[in-house]
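These notes concern the structure reproduced below.
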Amino acid sequence: MEKNGGGDMLAVEKKWSKKSRDQVLVVGVSEDDEGLPEELEKGSKSMLTALNRQWTDGTIATKKAKVTNMTVLDEGEPLQQLIFVGLGLRSSLTLAGLKEAFGTAVKAVHEHKAARVGVLLDTFRDKADSFGDEVVTQALSDAVLTAPYRFDIYKTKKEEQQNFTYTIYVQSGESEAVRAGIHQGRAFGQGVNLARTLVNLPANDLPPVALAEEAEAIANRHEKISAEILDINELRSLGMHALLAVNRGSEQPAQMIILRYQGEETWEHPLALVGKGITFDSGGYSIKPGHGMKTMKSDMGGAGAVLGAFEAIGHMQPRKNVMAIIPATENLINGSAMKPGDVLQTFDGQTIEVNNTDAEGRLILADGVAYARHLGADKIVDISTLTGACVVALGDVMTGALSNDDALYEVFEKSAEEIGEAVWRFPTHPRYEEMVRSSDVADLNNSPGREAGTITAGLFIGAFIHETPWIHLDVAGTAYVERETPLGPKGGTGVMVRTLATLARQSNF
Ligand code: BES
Ligand code: ZN
Ligand code: ZN
């Protein structure tokens, strides 16, 4: 039996029977099932008769994400409560669908308030049984942590906390794969929930220095992770004037946060994850309207995803060297703030004309990716809440991507697919690159206009990447959402934590 990092316990058993006496039993059912799952035949006769009747008359809903609660009376025995979770068609059950089903199930369990929960894991398989024990267990273990997540640290009256004991019934018993799945799901869950909390924390409680402290706390919690924070004086002597320019309007000092995870014998060829850490984006002198500014505490969603991925990596301990680089500052307004028309020097040496102070993410990331290269990054993934244009293009459904390297992108895309996160790659074209270089006075222009806004923002950062294999991720629409999903509430989502952590686990690049 293992604690899951929340307070819940996960145990594994081979077979469920009526003697198991879990207070509530979770069962997956689908539209293409001919009858109730075989596993239930271990139940009492009277329970089976009752359930079969409900199945035949269609009371047990099989449609995707539908939940049916049921209590069966057994003579002389305690009540058996059941939660049936609809999977839609087993023949078209995807990993994302499976994760949502577990999310729905865990939420239903929490509403039930029954402390002992059984899950018939084998009733959650797709028709071809293509996921395997590890993936199915991982999806459940992840959902146990992420589905009930609430951001309630500021509520003086909190919902009552209850711990649950889940018993996973799986035919293969407590195999290596099942154990690995539980551990992997928990690593993802803890990383995702950390990223969510960082995004949800208001800007008054998460200035750049506090974000740096969160990074240091991750390093303290995990073997093989170390932290290094560059303060404002070091940034000055290094010449990080793009980051420093954005920071000029703020009372809070900028920070460059560096984490190193050494998964190999020697510190060579690290993969760098570079996250935008704008702890609040007012737009600066190119000020945002009120409704656009309201959620801008979430403008460190890229940094949150990188830190969440490091939390997960710390638990997973993969055999790869990984580096986190997070330029962090507020984007505010005062008498010394950056102004439209300013020309900036960068760490890389190229100059930038600031056409719009609200296009600040690409400025700090220019220094961020250049510093990653300086530190010897072999490959770079940058991630940011970068453009409103990406929200227009993809909504809160898919994360936008760009890349200069098909082979690296393929590995990345497989990682996203493997873990059920949706990504869409935008095209590049020499003409877009010309747009980024359309300044009359400097090398680059930080705001060439509304057209192709997500692509030009990405290629602006690309100008500091040079030949390094690179992936650019825009999570403006996906890091912070206005609707509840099966796997979490409104607000910070922790999007891309699982994908980045999975990428760090791949050995084929
Ligand atoms: N942080 C914003 C992007 C954003 C918008 C994130 C909506 C999440 C939701 C970014 O700094 C920004 O303001 N970008 C500008 C760029 C423009 C001035 C070229 C934008 O998208 O409007
Ligand atoms: Zn902005
Ligand atoms: Zn921003």
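Order of listing sets the numbers, starting from 1, for every ligand and every atom in it. For this chain, numbers begin at 1 and follow the sequence in order.
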Mark up the atoms of ligand 1 that fall under 4.0 Å of a heavy atom belonging to Lys276, in ascending order. 1 (N), 10 (C), 11 (O)
Evaluate the criterion salt bridge (charged side-chain N to carboxylate O under 4.0 Å, His left out) for residue pair Glu353 and Arg437; output intermediate values, then yes/no. CA-CA 10 Å; Glu353 180 186 9; Arg437 297 200 173 269; over 6 Å; no
Mark yes or no: Lys490 above the aromatic ring of Phe151, with NZ or CZ under 6.0 Å from the six-membered ring centre and no more than 45 degrees from the axis. no
Identify the protein heavy atom lying closest to atom 3 (C) of ligand 1, giving its residue, its atom name and the separation to 0.1 Å. Leu386 O, 3.4 Å
Taking 4.0 Å as the limit for heavy-atom contacts, which would you say applies to Ile278 with ligand 1: side chain only, backbone only, both, or neither? neither
For ligand 1, which atoms sit closer than 4.0 Å to a heavy atom of Lys288? 2 (C), 12 (C), 13 (O)
Strictly under 4.0 Å, does any heavy atom of Arg362 approach an atom of ligand 1? yes
Using a plain distance cutoff, I'd like to know if Gly388 has any nitrogen or oxygen under 3.5 Å from a nitrogen or oxygen of ligand 1. yes
Report yes or no: is the cationic atom of Arg425 (NZ for Lys, CZ for Arg) under 6.0 Å from the centre of the six-membered ring of Tyr409, at an angle within 45° of the ring normal? yes
Vertex the Zn ion (ligand 3), rays to NZ in Lys276 and OD2 in Asp299 - rounded to 10°: 100°
Mark up the atoms of ligand 1 that fall under 4.0 Å of a heavy atom belonging to Asn356, in ascending order. 18 (C)
The test is side-chain contact (heavy atoms from CB on, under 4.5 Å); show your working for Asn200 and Tyr480 and say whether it passes. CA-CA 8 Å; Asn200 291 333; Tyr480 186 91; 4.1 Å; yes
Applying the salt bridge (Lys or Arg N to Asp or Glu O under 4.0 Å) criterion to Lys276, which one of Asp382, Asp299, Asp367 satisfies it? Asp299
Should the pair Phe464 and Phe460 be assigned to parallel (<30°), tilted (30 to 60°) or perpendicular (>60°) ring geometry? tilted
State yes or no: are the ring centers of Phe164 and His110 separated by less than 6.0 Å? yes
closest protein heavy atom to atom 1 (N) of ligand 1 is Asp299 OD1, 2.9 Å
Which N, O or S atom of Asp281 lies nearest to the Zn ion (ligand 2), by name: OD2
Counting from 1 in the order shown, the ligand 1 atoms closer than 4.0 Å to a non-hydrogen atom of Thr385 are 1 (N), 2 (C), 3 (C), 6 (C)
The Zn ion (ligand 3) to nearest N/O/S of Gly361 below 2.8 Å: no
Going by distance only, is there an N or O of Ser447 that falls short of 3.5 Å from an N or O of ligand 1? no
Check this for me: does any side-chain nitrogen of one of Lys379 and Asp405 sit under 4.0 Å from a carboxylate oxygen of the other? no
With a 3.5 Å cut-off and no angle check, do the side chains of Thr502 and Glu418 form a donor-acceptor pair? no
So the atoms of ligand 1 within less than 4.0 Å of a heavy atom of Glu360 turn out to be 11 (O)
Closest to the Zn ion (ligand 2), which N/O/S atom of Glu360 is it? OE1
Assess the residue pair Thr387 and Asp474 against the criterion (side-chain hydrogen bond (donor to acceptor under 3.5 Å, both in side chains)); give the C-alpha distance rounded to whole Å, side-chain angles, the decisive distance to 0.1 Å, and a yes or no. CA-CA 7 Å; Thr387 63; Asp474 194 331; 2.7 Å; yes
May I ask you to check whether Phe310 and Tyr261 place their ring centers less than 6.0 Å from one another? no
Residue, atom name and distance, where the atom is the protein heavy atom closest to atom 2 (C) of ligand 1: Asp281 OD2, 3.6 Å
Test: Arg196 cationic atom under 6.0 Å from Tyr149 six-membered ring centre, within 45° of axis: yes
Is the Zn ion (ligand 3) less than 2.8 Å from an N/O/S atom of Asp358, whether that atom is in the backbone or a side chain? no
In the protein, what heavy atom is nearest to atom 9 (C) of ligand 1, and what distance, to one decimal place, separates them? Met296 CE, 3.6 Å
Which of these, Asp358, Asn331, Ile364, has its nearest heavy atom closest to atom 15 (C) of ligand 1? Asp358
